[in-house]
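Accompanying notes for the structure given below.
One-based numbering, in listed order, for ligands and for the atoms of each.
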Amino acid sequence: MVTSDLITNANTLVEPGRGLLAADESNPTIEKRLDSIGVENTPENRLAYRRILLTAPSIEEFLSGVILFDETIRQADASGTPLPEVLTRKGIIPGIKVDKGAKALAGHEGEKVTEGLDGLRERLEEYYKLGARFAKWRAVIAIGPGKPTAACLEANAHALARYAALCQEADIVPVVEPEVLIDGDHTIDQCRAVTAETWYHLFSQLHRQGVMLEGTVLKASMVIAGKACPQQASAEEVAEQTVSLAREYVPAALPGIVFLSGGQTPVQATENLNAMNQLGPQPWRLSFSYARALQEPVMQSWRGNSANAEAAQNALYHRAKLNSQAALGRYTSDMEKAA
Ligand code: 13P
């Protein structure tokens, strides 16, 4: 384990004004996204789309890393350059999703535990050779009557910590993602209470497994009301709740927290991140690791037509720029117009 590389790379991922693009959708998930623009989920269409994302000019100004799916990390651009190398040449760190998805947690209806630890050491070794220097593992925590259970919180935190320890052994920065889901009619206060328990279990397990926090990044969900809750909070309230909770539960040794968008609109995700960064300096940097909030405008511009590739890349550049501004607390709504 080359500890200094872990720390350097973890800090690069959360460099001021840069964040992550999550482009690591599994095949069933990308199918949902492609369906929404009427494009068939074929290997050719997936490759065409991901080439658009990864070869977009100048995105390295705003993106420090891109999370890839197993299929993509093995693919190349039109000239034959492997896609991870396309990224490293631009100064973007290639990352890889290594979990095998959230599966039903036995005996706990409606709850899930993320699988993928078996064989992970060998897979990480291969991904390192393919260029990956950070990885992602996503756990999902649902809020509902009687949920989450301690069984769900503990099982997921344990798996995240085992994953993180294996990553660091392989000199790969673990991005640990316990996503508290936005689905449901829960209030922002209920989300805060569940997120507190989630982070408590996560950091206690990371400690138990000996994970070095200086070489780890937290991918967090924001403290936000459920989508079906009649009382939606303002960006200022989401920011205040999220940052104050993080100050209680997230150790200062961590270089940064990157947020997922989790079903927020692109503009909402940018506004919320901006409001957090307007609260002033924090012990960790606060940036983004969005999939839908960065990709939605790109997909809408592309719609499966190669003639739209340049417009789609411009849409990515624009959205990434706005989130970069939000990561610095300098975003304003009139920037939306300058497409
Ligand atoms: P969203 O931003 O669409 O929530 O995706 C982020 C992600 O990588 C979830 O694992």
Regarding [X] and [Y], is there a side-chain donor-to-acceptor distance under 3.5 Å anywhere?
X	Y	result
Glu111	Thr149	yes
Gln75	Arg50	no
Tyr49	Gln295	yes
Asp189	Thr187	no
Glu336	Tyr331	yes

Part of [X] within contact of ligand 1 (heavy atoms, under 4.0 Å):
X	answer
Ser261	both
Arg138	side chain
Ala293	neither

Contacting atoms of ligand 1, where contact means under 4.0 angstrom from a heavy atom of Tyr290: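 So the answer, numbered in order with elements, is 2 (O).
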
Atom indices of ligand 1, in the order listed, that fall short of 4.0 Å to a heavy atom of Ala22: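 Near Ala22, the atoms of ligand 1 are 8 (O).
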
Is the closest N or O pair between [X] and ligand 1 shorter than 3.5 Å?
X	value
Gly262	yes
Ala291	yes
Arg292	yes

Shortest heavy-atom approach to atom 6 (C) of ligand 1 - which of Lys136, Gln295, Lys219, Glu179: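 Of the listed residues, Lys219 has the closest heavy atom.
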
Flag the pair [X] and [Y] as a salt bridge only when some basic side-chain nitrogen lies within less than 4.0 angstrom of an acidic carboxylate oxygen.
X	Y	value
Lys321	Glu61	no
Arg46	Glu40	no
Glu85	Arg89	yes

Sub-4.0 Å heavy-atom approach of Ser289 to ligand 1: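 It does, in that a heavy atom of Ser289 comes within the 4.0 Å cut-off of ligand 1.
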
Nearest-contact summary for atom 9 (C) of ligand 1 - protein heavy atom, Å: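 For atom 9 (C) of ligand 1, the nearest protein heavy atom comes out as Glu177 OE2, 3.2 Å.
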
